[in-house]
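All remarks here apply to the structure that follows.
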Amino acid sequence: MAGEYFIALDTGGTKCDAVLFDGRGHILEHTRTTGGGPMDIGLKAAADNTVRVLKQLGEKIPDRKPAASIYCSIAGNDYYPGQLDACIRPQVEAGILKVWDDGECIITATLGRKDGGGMIAGTGASLFIRSGKVYKHIGGWGYLLDSTGSGYTMGQAALHAIVREADGRGEKTLLTEIIGKEMGRNPADNLPAVYAGGRTYIASFAHCVFEGRRLGDPVSCRIFDWTVDRLAEFTFAAVPYFESEFPVALNGGIFGAFPELAESLKEKAAPQARLIPAEVPPVYGAATEALWNLGIPETEYFKQTFMKEYG
């Protein structure tokens with residue numbers, strides 16, 4: 001392990017988080033750029049972004065030797081089996097390269113090698129489960145079909161309520177004022193910006209729902225409750241894959257910023273699901289997966305060092 005270097009990359013709907021590190025957990029380089037999996041920006045763009053980041057980090061390796069192991073966690077990879085790998089592998093030199101969906105690293109980051117689930121609530125939302133030889137993705141069928149429980153659907157519901165109020169079809173809501181302050185104008189008069197910004201722009205207003213709820217806005221309260229119900233559905237769908245209680249790590253920007261979401265989810269989730277707020281980012285799970293590619297176990301020293309330098 002001495003003298004070997006590793007790269008871990010985690011790409012979601014909004015950002016790409018990537019690190020170059022050694023086997024003791026020391027981080028040589030950390031980069032965070034705009035993200036987007038193949039369902040968001042297309043297969044070629046997602047592959048090109050990944051290759052660019054990997055090469056940038058690779059240039060920082062002492063003596064420019066290839067990374068011993070690279071683990072790429074890319075949202076949406078499940079739906080393009082082998083295609084991202086085929087685009088990335090010929091352009092990147094590494095001892096071992098694994099291109100996977102983002103579910104495994106979400107589970108691994110908190111649970112290590114244990115079976116259980118990993119729920120993500122960020123720009124998108126879904127639940128991944130690992131049980132014996134079973135690995136399954138529940139929800140997260142892309143924002144056109146199913147992104148319920150996500151920052152995108154929260155922001156979309158908020159904007160939906162605002163335009164209904166503007167028409168006189170819906171009740172008054174504080175969301176018009178809250179989001180209007182961020183936009184600098186009434187959201188109902190700012191449709192070009194909404195459509196130009198797309199999914200990530202709409203998801204950026206999810207936090208306004210939490211603000212509205214704290215202020216007692218009935219519309220915001222209903223959006224919040226609806227979001228919790230949708231996330232709870234994931235856990236009930238996972239029950240048949242486990243014989244008894246199972247842990248579920250909660251990760252993603254929404255869970256991280258708004259602990260009240262996890263608290264409410266605990267009340268509505270399947271009784272068998274033991275929810276555990278994640279204390280480390282998904283890219284840490286990708287880092288430990290990069291080690292395991294070479295049969296190197298994660299140690300407490302590695303974890304403490306990595307997280308201290310990750311910041």
Side-chain angles (χ1 to χ4, degrees), residues 1-12 14-35 50 52-75 92-120 122 128 130 247-253 255-257 259 262 275-311:
M1 186 171 65
E4 293 181 336
Y5 298 93
F6 307 80
I7 295 176
L9 176 145
D10 174 63
T11 295
T14 302
K15 70 178 185 299
C16 172
D17 194 12
V19 290
L20 168 67
F21 59 99
D22 67 17
R24 292 173 59 81
H26 293 292
I27 294 177
L28 284 71
E29 192 76 14
H30 178 197
T31 179
R32 184 179 287 118
T33 61
T34 55
T50 301
R52 183 177 66 253
V53 172
L54 294 180
K55 286 186 174 181
Q56 288 174 351
L57 292 179
E59 291 174 354
K60 302 295 183 179
I61 297 177
D63 300 326
R64 295 288 184 91
K65 67 178 185 179
S69 174
I70 297 177
Y71 184 93
C72 299
S73 161
I74 303 175
V92 176
E93 190 175 2
I96 294 178
L97 170 67
K98 186 172 182 180
V99 179
W100 205 255
D101 206 278
D102 53 344
E104 187 173 52
C105 77
I106 292 170
I107 298 172
T108 297
T110 298
L111 304 182
R113 295 280 83 186
K114 297 177 182 177
D115 285 349
M119 185 183 294
I120 187 81
F128 299 86
R130 185 171 63 202
V248 177
L250 305 180
N251 219 316
F255 280 131
L275 307 185
I276 306 171
E279 296 180 349
V280 295
V283 74
Y284 175 76
T288 57
E289 289 287 349
L291 292 181
W292 283 324
N293 279 346
L294 294 180
I296 302 171
E298 170 199 11
T299 65
E300 188 60 29
Y301 178 88
F302 174 89
K303 181 176 182 179
Q304 291 181 4
T305 303
F306 186 99
M307 290 310 303
K308 180 180 180 180
E309 297 185 10
Y310 178 84

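Note that the structure is predicted; figures quoted are calculated from it, not measured.
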Option from Asp17, Thr11, Leu9 for which side-chain contact (heavy atoms from CB on, under 4.5 Å) with Val283 holds: Asp17
Gap separating the CD atom of Glu289 from the SG atom of Cys72, nearest 0.5 angstrom: 12.0 Å
From OG1 (Thr34) to NZ (Lys15), nearest 0.5 Å: 12.0 Å
Exceeds 12 heavy-atom contacts within 6.0 angstrom, atom CH2 of Trp292: yes
Close side-chain approach of Pro62 to Leu28, heavy-atom, < 4.5 Å: yes
Side chain to side chain contact (heavy atoms under 4.5 Å, CB included) between His30 and Tyr310, worked out: CA-CA 8 Å; His30 178 197; Tyr310 178 84; 3.3 Å; yes
Closest non-hydrogen atom pair, Phe255 against Asn251: CD1-O, 3.3 Å
CA sep, side-chain torsions, deciding dist, call: Leu294, Glu4, side chain to side chain contact (heavy atoms under 4.5 Å, CB included): CA-CA 11 Å; Leu294 294 180; Glu4 293 181 336; 4.0 Å; yes
For the student: nearest non-hydrogen atoms of Pro282 and Cys105, plus distance: O-SG, 3.5 Å
Donor-acceptor contact present, side-chain Ser69 to main-chain Ala290, <3.5 Å: yes
Heavy-atom pair of closest approach, residues Leu291 and Gly23: CD2-CA, 4.5 Å
CA sep, side-chain torsions, deciding dist, call: Leu111, Ile276, side chain to side chain contact (heavy atoms under 4.5 Å, CB included): CA-CA 9 Å; Leu111 304 182; Ile276 306 171; 4.1 Å; yes
Closest approach of Ala18 to Leu57 (non-hydrogen atoms, all atoms of both residues): CB-CD1, 3.7 Å
Residues, nucleotides or ligands: over 12 heavy atoms within 6.0 Å of Glu279 CD: no
CD-CG distance between Glu59 and Leu20, expressed to the nearest 0.5 angstrom: 11.5 Å
Listed partners of Thr288 passing side chain to side chain donor-acceptor pair (under 3.5 Å), at least two apart: none
Spatial distance of atom CZ (Arg32) from atom SG (Cys16) [nearest 0.5 Å]: 10.0 Å
Residue pair Arg113, Thr108: steps toward the side chain to side chain contact (heavy atoms under 4.5 Å, CB included) verdict: CA-CA 6 Å; Arg113 295 280 83 186; Thr108 297; 3.6 Å; yes
Spatial distance of atom OH (Tyr5) from atom CD1 (Ile70) [nearest 0.5 Å]: 14.5 Å
Within the 6.0 Å centroid threshold, strictly below: Phe21 and Phe306: yes
Side chain to side chain, Lys98 and Asn293, heavy atoms closer than 4.5 Å: yes
Closest approach of Thr110 to Ala278 (non-hydrogen atoms, all atoms of both residues): OG1-CB, 3.5 Å
Atom pair CD (Gln304) and CZ (Arg24), whose distance is rounded to the nearest 0.5 Å: 12.0 Å
Closest approach of Ala286 to Ala8 (non-hydrogen atoms, all atoms of both residues): C-CB, 3.6 Å
